[in-house]
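Letters A, B, ... mirror the listed sequences (proteins, then strands); counts begin at 1. Given the structure is predicted, the values throughout are model-derived calculations rather than measurements.
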Amino acid sequence: MADPTNSEIAAAFDELGDLYELDGAIVHRVVAYRNAAKVTRDASVSVAQLTRAGRVTELPGIGATLETKLVALVESGDIPQAVRLRAKFPAGLLEMTRLPGLGPKRARRLYEELGIDSLQALETAARQQRIRDLRGFGARAEENFLAAIARATADADARGGGSGRFVLDRALAIAEPLLELLRAHPASHRVELAGSARRWADSVKDLDIIATADDPRALAEALTGSDLVESIAGLGDNGARVRTHNGMGVDLKVVAPDQFGNVLQHFSGSKEHNVALREAAVKAGLHVSEYGILDDATGETLRCATEEEVYAKLGYAYIPPELRENRGELQAARLEGGAGLPHLITVEDLKGDLHSHTVASDGRDEIEAMAEAAQALGYEYLAITDHSASHGFGDDVSPAQLEEQIERIHAANLAFDGIELLAGSEVNILPDGSLDYPDELLQRLDWVIASVHSSFSLGEREMTERVIAAIEHPWVDAIGHLTGRKIEARPPYALDVARIFEAAARTGTMIEINAAPDRRDLNDVHARAAAQAGVTILVDSDAHRTRTLAASRRYGIATARRAWLTAEQVANTRSWKDFAPLRKRARAS
DNA sequence: GCCGTTTTCGGCCCGACTGTTTTCAGTCG
C-alpha cells in the first residue's frame with residue numbers, strides 16, 4: 001500500500017478532531033487534532049516516512065498518542081478510533097456542524113432529541129417548526145438555520161465548489177485604490193491594510209483596513225461612496241463594512257490614535273501568531289487584546305499607538321507581517337535585539353530574471369521589448385525562455401525554430417548595452433523524465449529551466465523520479481514552478497519535495513520561486529525548506545508580457561520573505577558577473 | 001492531546017455576538 005500523503009493525513013486528523021468534538025471531548029483535545037492537521041499539511045517532509053522512522057514526535061504538536069494513531073494509519077490505512085466514531089455519528093452530522101451558527105453541541109442535541117442527521121433533515125424540521133420545542137432553541141433558530149442553508153447552497157453554486165477566497169493580486173487590486181482613497185481624505189491620519197493581505201498570503205477571504213481620523217464618520221462615508229462598492233452592510237462612527245462588485249467584503253475600522261498599534265497588530269494576525277503571542281504573554285503576567293496590554297502587576301492597560309510598542313512591551317523586536325505565522329518568529333524576535341530574525345529580501349535586491357516568454361511561444365511581446373522592460377527595472381540580465389518542442393496550444397518551438405531564436409537573442413544582446421540577454425528555454429520534462437530537445441541543442445543555450453507541463457496525475461514516486469531525472473540532467477540549470485499548483489484553482493501534484501531538494505542541492509540545480517501571483521511556486525513553506533536543504537533559490541517572473549515582468553515581482557518576493565529568505569539566499573540578487581558562474585553549465589566547463 | 005524559565009500534572013488567548021434566558025452556553029473570528 002502506498003503511504004498516505006501529508007494532505008491525506010491532515011484530512012484524517014481534521015476528521016478525527018471533528019468526530020471527537022461531536023463526541024464531547026474537551027476543546028483542547030480537539031484543538032490538538034486541528035493543530036496536528038495544520039502541522040502535517042505544512043510539513044515539507046513526508047509525515048508517513050517520518051512515522052515509519054519512529055521520528056514523527058519531532059514535529060511540534062505530535063506526541064505519543066498521535067504517533068500511535070499515525071502508525072495505525074500508515075500500516076492499516078485507517079485509525080480505529082475514527083472507524084468507531086464514524087459508526088456512532090452519521091456523516092450528515094459533520095456537515096451540519098459546518099453551518100455557520102451551528103456547532104457540535106447543538107448539532108448533537110438536534111440529532112439525539114429529534115433524529116436530525118443531515119442538512120436536508122434540518123431544513124425539513126425547521127420548515128415544520130419542530131425545532132422550537134427543544135429547550136434552548138426558538139423560532140429564531142429555525143429562521144437562522146433555513147437562512148444559513150440557503151446561503152450555503154447559493155454560495156456553493158456561485159463559486160462552483162470554490163473556497164470563496166481571492167488570489168492576492170485580485171484582492172490588492174481592490175485594496176490599493178481604497179487605501180489611496182482613504183489616505184487622500186482630509187479627515188484621515190493613519191490608514192493601514194491589516195489581515196492576511198498585509199501578511200502577503202497566497203489568497204484572502206476579505207479585506208481589513210484600520211485607520212485613525214479627525215472625523216471617523218466622514219472617513220467611513222468616503223469608503224461607502226467608492227465606485228468599487230456594490231452594497232453597504234454597515235456604516236457608523238467606528239467605521240463601515242461594505243461589499244465590492246466582485247463580491248469581496250471590506251471592513252474599515254476607525255480607532256483611537258492611542259490604540260492604533262494594538263488594533264493593527266490584532267487584526268493583522270495570523271490567528272496562530274496571536275494565540276502564541278498571548279500565551280507567552282500570560283506567563284509574564286500580561287494579557288493582550290485588541291484594546292491594549294493588561295498588566296497583572298499594576299492592573300493597568302497599556303495602549304500602544306504603534307505595533308513597535310506592542311512588540312517591545314512584550315519583549316520582542318518588531319516582527320514583519322510576512323513572518324507572523326507562528327513558525328518560530330516569536331522565538332527569533334525574543335533574542336537580543338531580534339538577532340534571530342532574518343534581514344528579509346526586498347524587490348530592490350533583484351538584479352535579473354531567469355524565466356520569461358516572448359511571441360516565439362505564448363508571450364505577447366518581442367525580445368527587444370522584454371529587454372527594454374528589464375533594463376527599466378535596473379536588471380543586469382534577462383533569460384528569454386520560451387516553451388519547447390512538445391508544448392501544446394500551438395505554442396511549441398521546434399528545434400529549428402529554437403536555433404533561429406538563439407540567433408535573434410544573441411543579435412539583440414549585441415544591440416543592448418548594460419544588460420545580458422540569455423538565450424534560454426523552458427524545456428518540458430516528459431513523463432519519463434527526459435527532455436524534449438536533444439542534448440546538443442540544450443548545451444548550446446545560455447540557460448535552461450525545466451518544468452512539468454503534462455501528465456499531472458502521476459503518482460508521487462513516479463513524479464518525484466521524473467523531476468529528479470531532470471535535476472540530474474547536465475544542461476538543466478533550474479527547475480520551474482516545481483509543484484504546478486494554481487492558487488485556488490488547481491492542487492499541487494504529488495511530490496516528495498525533501499528528496500527533490502536533496503537532489504537539487506547535490507547537483508547545484510537551482511529551483512525558482514515562480515512569482516506569478518496565481519502560482520507562487522515554490523510556496524513559502526517549501527522555499528524555506530529548500531533553502532535550509534542548501535538549494536540555490538531564484539525569484540522569477542515567468543512574464544508573458546512586459547508588464548508582468550515588473551508586476552509579478554512583489555508576489556515572488558513576498559513568498560521569499562514569508563520563507564524567511566535574505567538577499568544572499570536568492571541567486572538573482574547577484575550581479576551578472578557573480579551569477580553567471582553559478583549556472584550548472586558554467587561549473588561543468 | 002500536548003507540553004515544561006513557575007508545572008511530568010495541570011494548565012492550555014481574548015473578546016464579541018447571539019439567542020434564549022433571568023446569568024449564560026455556544027459559536028465565531
Side-chain angles (χ1 to χ4, degrees), chain A residues 13-14 16-40 56-70 79 81-82 96-110 126 131-145 147-148 165 194-196 204-208 234 238-239 241 249 251 253 255 259 262-263 265-294 296-297 301 310 314-315 324 326 330-331 334-335:
Chain A
F13 280 153
D14 273 330
L16 197 48
D18 288 347
L19 286 167
Y20 275 133
E21 189 173 38
L22 272 176
D23 204 33
I26 60 161
V27 63
H28 302 108
R29 191 170 167 205
V30 176
V31 166
Y33 278 92
R34 305 227 161 108
N35 178 51
K38 184 169 166 48
V39 167
T40 302
V56 77
T57 57
E58 290 172 18
L59 291 173
I62 302 213
T65 307
L66 282 176
E67 182 179 33
T68 305
K69 288 176 178 164
L70 273 170
I79 301 174
Q81 289 85 351
M96 285 165 59
T97 65
R98 290 185 195 112
L99 214 56
L102 183 58
K105 300 280 198 307
R106 280 156 36 101
R108 188 172 166 181
R109 287 195 51 220
L110 290 171
I131 294 175
R132 61 185 63 185
D133 300 333
L134 223 53
R135 191 175 45 81
F137 293 79
R140 195 61 181 273
E142 289 173 347
E143 288 171 33
N144 289 342
F145 291 149
R165 297 180 66 89
S196 48
V204 307
K205 191 161 183 296
D206 46 31
L207 295 172
D208 290 302
N238 300 320
R241 185 187 300 264
D251 205 349
K253 293 182 174 62
V255 304
Q259 59 180 6
N262 301 104
V263 178
Q265 196 285 324
H266 175 85
F267 284 100
S268 292
S270 67
K271 183 178 180 224
E272 290 78 9
H273 173 85
N274 283 350
V275 167
L277 184 79
R278 290 185 210 126
E279 282 177 353
V282 166
K283 291 179 179 149
L286 299 170
H287 302 273
V288 182
S289 80
E290 63 197 274
Y291 302 108
I293 301 171
L294 171 64
D296 278 343
T301 297
V310 175
L314 297 172
R324 300 182 194 172
N326 194 29
L330 289 169
Q331 293 81 344
R334 185 62 99 178
L335 299 177

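Atom C1' of dG19(B) sits at a distance of 29 Å from the matching atom of dC12(B), rounded to the whole Å. Comparing dG26(B) with dT21(B), their P atoms sit 13 Å apart, to the nearest whole Å. Taking atom C1' on both nucleotides, dG11(B) is separated from dA16(B) by 25 Å, rounded to a whole Å. Comparing dT7(B) with dC2(B), their C1' atoms are spaced 13 Å from each other, to the whole Å. Taking atom C1' in both dC14(B) and dC9(B), the straight-line distance is 25 Å, to the nearest Å. Rounded to the nearest Å, the gap between the P atom of dG10(B) and that of dC17(B) is 37 Å. Spacing of P atoms, dG15(B) relative to dT22(B), comes out at 25 Å, to the nearest Å. Only the P atoms considered, dT6(B) is 16 Å distant from dC13(B), to the nearest whole Å.
Atoms NZ (Lys283(A)) and P (dT7(B)) sit 11 Å apart, rounded to a whole Å. Put simply, CG on Asp133(A) is 19 Å from P on dG19(B), counting in whole angstrom units. Residue Phe137(A) contributes atom CZ, which lies 11 Å from atom C1' of dA25(B) at whole-angstrom precision. In this entry the distance linking CG of Leu59(A) with P of dC3(B) reads 10 Å, nearest Å. In this structure, the CG atom of Leu70(A) is 13 Å from the C1' atom of dG1(B), given to the nearest Å. In this structure, Gln265(A) atom CD and dC14(B) atom P are separated by 13 Å, rounded to whole Å. We find that CE of Met96(A) is positioned 16 Å from P of dG26(B), with the value rounded to whole Å. Nucleotide dC2(B) holds its C1' atom 13 Å from the CZ atom of Phe13(A), rounded to whole Å.
Of the candidate nucleotides dG26(B), dT20(B), dC12(B), dC12(B) has the atom lying nearest to any side-chain atom of His28(A). Comparing atom distances between the Arg135(A) side chain and each of dG26(B), dT21(B), dC2(B) picks out dT21(B) as nearest. In the set dT20(B), dG15(B), dC2(B), the nucleotide with an atom closest to the side chain of Ser289(A) is dG15(B). Of the listed nucleotides (dT7(B), dA16(B), dC14(B)), dC14(B) has the atom at the smallest distance from the side chain of Val282(A). Listed nucleotides dT27(B), dC2(B), dC13(B) differ in distance to Lys271(A); the shortest reach to its side chain belongs to dC13(B).
Each of Glu279(A) and Leu99(A) was matched to the nucleotide of DNA chain B holding its nearest heavy atom; the match closer to the 5' end belongs to Glu279(A). Residues Ile26(A) and Gly103(A) both approach DNA chain B. Their nearest nucleotides, taken by heavy-atom distance, put Ile26(A) toward the 5′ side.
Contact annotation for Val275(A): base contact, defined as any heavy-atom pair under 4.0 Å involving a base atom. Residue Val288(A) is in sugar-phosphate contact alone, with no base atom involved, counting any heavy-atom pair closer than 4.0 Å across all strands shown. Contact annotation for His287(A): backbone-only contact, meaning every heavy-atom pair under 4.0 Å involves sugar-phosphate atoms and none involves a base. Residue Ala25(A) is classed as having no contact, given no heavy-atom separation below 4.0 Å to the nucleic acid. The residue Asn144(A) sits close only to the backbone: its heavy atoms come under 4.0 Å of sugar-phosphate atoms, none of a base.
Put simply, the side chain of Leu134(A) reaches to within 4.5 Å of the side chain of Leu110(A), judged on heavy atoms. Looking at Asp251(A) and Arg241(A), their side chains come closer than 4.5 Å, going by heavy atoms from C-beta outward. Within the 4.5 Å cutoff, no side-chain heavy atoms of Arg324(A) are placed close to those of Leu277(A). For the pair Ile62(A)/Leu70(A), a side-chain contact is recorded, criterion being any heavy-atom separation below 4.5 Å from C-beta on. The side-chain heavy atoms of Tyr291(A) and His266(A), taken from C-beta on, include no pair separated by under 4.5 Å.
For dC14(B), neither phosphate oxygen OP1 nor OP2 lies less than 4.0 angstrom from any side-chain nitrogen or oxygen of Arg278(A). Put simply, Tyr291(A) has no side-chain N or O that comes within less than 4.0 Å of OP1 or OP2 on dC13(B).
The partner of dT8(B) is absent, by the rule that a Watson-Crick or G-U pair needs both atom distances under 3.5 Å.
Salt-bridge check for Glu143(A) with Arg132(A): failed, with every basic side-chain N at 4.0 Å or more from each acidic carboxylate O.
Side-chain N/O atoms of Asn35(A) and Glu272(A) include no donor and acceptor closer than 3.5 Å.
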